[in-house]
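See structure below.
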Amino acid sequence: MPDREKVALDGVPETLLWNLYQRAAEAGRPDPVLRDPKAVELVDALDYPFADRFGAGRLGQWQALRALRFDQEVRRFLDEHPDGQVVALGEGLETQFWRVDNGRVRWLTVELPETAELRARLLPDDPPRRRTVTCSALDEEWTRHADPAKGLLLSAQGLLMYFEPDQVHRLLARCAERFPGAEMIFDGVPPWFSRRTLEGRMTTAQGYQAPPMPWAVDAAEKARIRALAGVAELRDLRPPRGRGPLHGALFPLLNRLRPMRELGVTGLPIMAVRFAAPAQA
């Protein structure tokens with residue numbers, strides 16, 4: 001189709017296309033665990049060899065259940081703070097806003113210039129409720145645009161694993177200092193997964209190689225996060241029950257066992273942090 005949008009990304013930015021493709025593959029099923037028509041629309045609009053690069057989308061349900069868990073947390077937040085703000089760090093081509101919008105939420109996307117420019121072409125801002133700040137999640141600039149007055153939820157889906165551990169810790173500590181009482185939801189990868197990416201061994205049959213992911217999550221790393229100044233609570237978020245014998249029966253059973261969750265066999269670790277509220281005078 002001559003009117004399809006050409007896109008050429010590599011490295012970490014290309015992962016947004018992998019995530020989008022997997023969600024669209026699941027959403028295109030007759031029995032999807034995640035309804036995401038916007039993702040299907042974007043895949044159809046892009047001139048990119050998704051199948052040749054990433055395969056047949058067989059990880060669609062796995063990826064969709066991760067996105068669904070994030071959706072559930074956003075909806076819970078909006079039930080309590082219907083006029084609150086969600087800050088989506090490193091959002092890529094995530095279409096979560098269209099899945100959870102209550103008609104009142106204020107949505108702030110924080111993205112690097114290359115990805116922000118692509119989003120502007122495909123998913124243009126719609127002020128005042130939905131807008132973009134162009135900078136790294138590690139940059140303090142975006143914190144000046146976050147508004148906790150009516151409730152604030154920070155989200156980092158598929159992002160922090162690409163940072164160094166000390167960068168992750170500094171980001172969490174800064175958010176705790178700037179936004180006391182707020183919450184942040186994020187995911188990571190287990191150590192074995194991180195090692196495979198650092199060794200260049202996380203590849204698809206089509207030749208796509210996942211970028212290095214130096215930040216890994218295990219029990220020791222969770223303890224380090226809990227010890228950060230301003231962190232009041234860290235809790236695990238289990239993936240929802242899915243379809244079929246694996247995602248519908250075996251994985252939910254294994255997720256009841258902490259060692260299995262730590263291994264990341266049934267899904268990548270998803271966590272929520274609550275920052276300490278200001279001390280009462």
Side-chain angles (χ1 to χ4, degrees), residues 1-10 12-75 78 86 88-103 105 107-109 111-112 114-126 129-132 155-159 185 187 204-206 208 210 239-244 246-248 251 267-268 270:
M1 296 174 59
D3 58 342
R4 295 172 73 187
E5 188 78 29
K6 287 187 176 294
V7 58
L9 299 171
D10 56 20
V12 175
E14 191 177 18
T15 63
L16 66 88
L17 297 171
W18 186 91
N19 291 332
L20 173 67
Y21 176 58
Q22 299 297 337
R23 291 200 320 277
E26 174 64 22
R29 291 180 55 97
D31 55 349
V33 298
L34 182 75
R35 299 191 181 280
D36 197 347
K38 199 73 173 177
V40 177
E41 176 186 320
L42 286 180
V43 167
D44 290 342
L46 290 173
D47 183 0
Y48 182 84
F50 287 100
D52 291 342
R53 189 74 168 137
F54 303 134
R58 292 191 178 91
L59 293 176
Q61 182 177 190
W62 182 81
Q63 173 66 20
L65 289 172
R66 179 181 77 159
L68 180 58
R69 191 65 181 93
F70 276 80
D71 287 2
Q72 290 172 342
E73 288 300 300
V74 174
R75 291 190 180 103
L78 293 178
V86 174
L89 302 174
E91 193 170 23
L93 288 180
E94 175 58 70
T95 50
Q96 186 178 50
F97 173 84
W98 289 270
R99 299 195 302 267
V100 302
D101 182 25
N102 65 350
V105 62
W107 199 275
L108 182 68
T109 295
E111 260 304 347
L112 294 171
E114 182 180 17
T115 306
E117 190 274 334
L118 180 60
R119 280 188 65 92
R121 298 201 313 263
L122 298 171
L123 300 167
D125 284 355
D126 185 18
R129 285 206 304 120
R130 187 166 54 84
R131 57 196 185 89
T132 299
S155 176
Q157 183 180 170
L159 173 67
I185 50 176
D187 55 357
T204 68
Q206 293 71 32
Y208 171 72
R241 184 180 295 273
R243 176 189 63 247
L246 284 181
H247 293 285
F251 285 177
L268 300 184
I270 307 173

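Computed over heavy atoms, backbone and side chain alike; hydrogens, waters and symmetry mates excluded. As the structure is a computational prediction, the values presented were derived from the model and not from experiment.
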- Enter the distance from T132:OG1 to L108:CG here, rounded to the nearest 0.5 Å. 7.5 Å
- Does a side-chain N-to-carboxylate-O contact under 4.0 Å join R131 and D125? no
- Task: With sequence neighbours left out, write down each residue that passes side chain to side chain donor-acceptor pair (under 3.5 Å) with R241, or none if nothing qualifies.
- Result: none
- Listed partners of I185 passing side chain to side chain contact (heavy atoms under 4.5 Å, CB included), at least two apart: F70, E73, V74, L153, S155, L237, A272
- Message: So, taking the atom named CG in N102 and the one named CG in L78, what distance separates them when rounded to the nearest 0.5 Å?
- Response: 5.0 Å
- Query: Does any N or O in the side chain of D187 come within less than 3.5 Å of the main-chain N or O of Q157, such that one atom is a donor and the other an acceptor?
  - Reply: no
- Partners of Y21 by side chain to side chain contact (heavy atoms under 4.5 Å, CB included), sequence neighbours excluded? F50, A51, F54
- Validation row: T115, L9 side chains within 4.5 angstrom (heavy atoms): no
May I have the list of side-chain donor-acceptor pairs in residues 28-36 shorter than 3.5 Å, sequence neighbours left out?
from : atom 1 : to  : atom 2 : distance (Å)
R29  : NE     : D31 : OD1    : 3.0
R29  : NH2    : D31 : OD1    : 3.0
R29  : NH2    : D31 : OD2    : 3.3
D36  : OD1    : A39 : N      : 3.2
D36  : OD1    : T95 : OG1    : 2.7
D36  : OD2    : R23 : NE     : 3.0
D36  : OD2    : T95 : OG1    : 3.0
D36  : OD2    : R99 : NH1    : 2.8

- Message: Can you list everything that forms a ring pair (Phe, Tyr, Trp, His ring centres under 6.0 Å) with F97? Sequence neighbours excluded, please.
- Response: W107
- Task: Using salt bridge (Lys or Arg N to Asp or Glu O under 4.0 Å) as the criterion, list what pairs up with E41, not counting sequence neighbours.
- Result: K38
- Message: Within the 4.5 Å heavy-atom criterion, are V43 and L20 side-chain neighbours or not?
- Response: yes
- Note on the structure: By salt bridge (Lys or Arg N to Asp or Glu O under 4.0 Å), R129 pairs with (sequence neighbours left out) D101
- Query: side chain to side chain contact (heavy atoms under 4.5 Å, CB included) between L17 and L46: does it pass, once the steps are laid out?
  - Reply: CA-CA 10 Å; L17 297 171; L46 290 173; 4.0 Å; yes
- Pairing residues for Q61 by the side chain to side chain donor-acceptor pair (under 3.5 Å) criterion, not counting sequence neighbours: none
- Item | Non-neighbouring partners of E14 that pass salt bridge (Lys or Arg N to Asp or Glu O under 4.0 Å), sequence neighbours left out | R53
- Query: Would you say the side chain of L112 lies within less than 4.5 Å of the side chain of V12, judging by non-hydrogen atoms?
  - Reply: no
- Item | Check: E91 side chain, E111 main-chain N or O, donor-acceptor pair, under 3.5 Å | no
- Which residues satisfy the salt bridge (Lys or Arg N to Asp or Glu O under 4.0 Å) test with R121, sequence neighbours excluded? E5, E117
- Query: side chain to side chain donor-acceptor pair (under 3.5 Å) with Q63: which residues, sequence neighbours excluded?
  - Reply: R66
- Note on the structure: Residues at least two apart in sequence or cross-chain that pass side chain to side chain contact (heavy atoms under 4.5 Å, CB included) with P240, listed by chain then number, are L65, L68, R69, Q72
- Enter the distance from E26:CD to L59:CG here, rounded to the nearest 0.5 Å. 11.0 Å
- Item | Heavy-atom side-chain proximity of L93 to L122 below 4.5 angstrom | yes
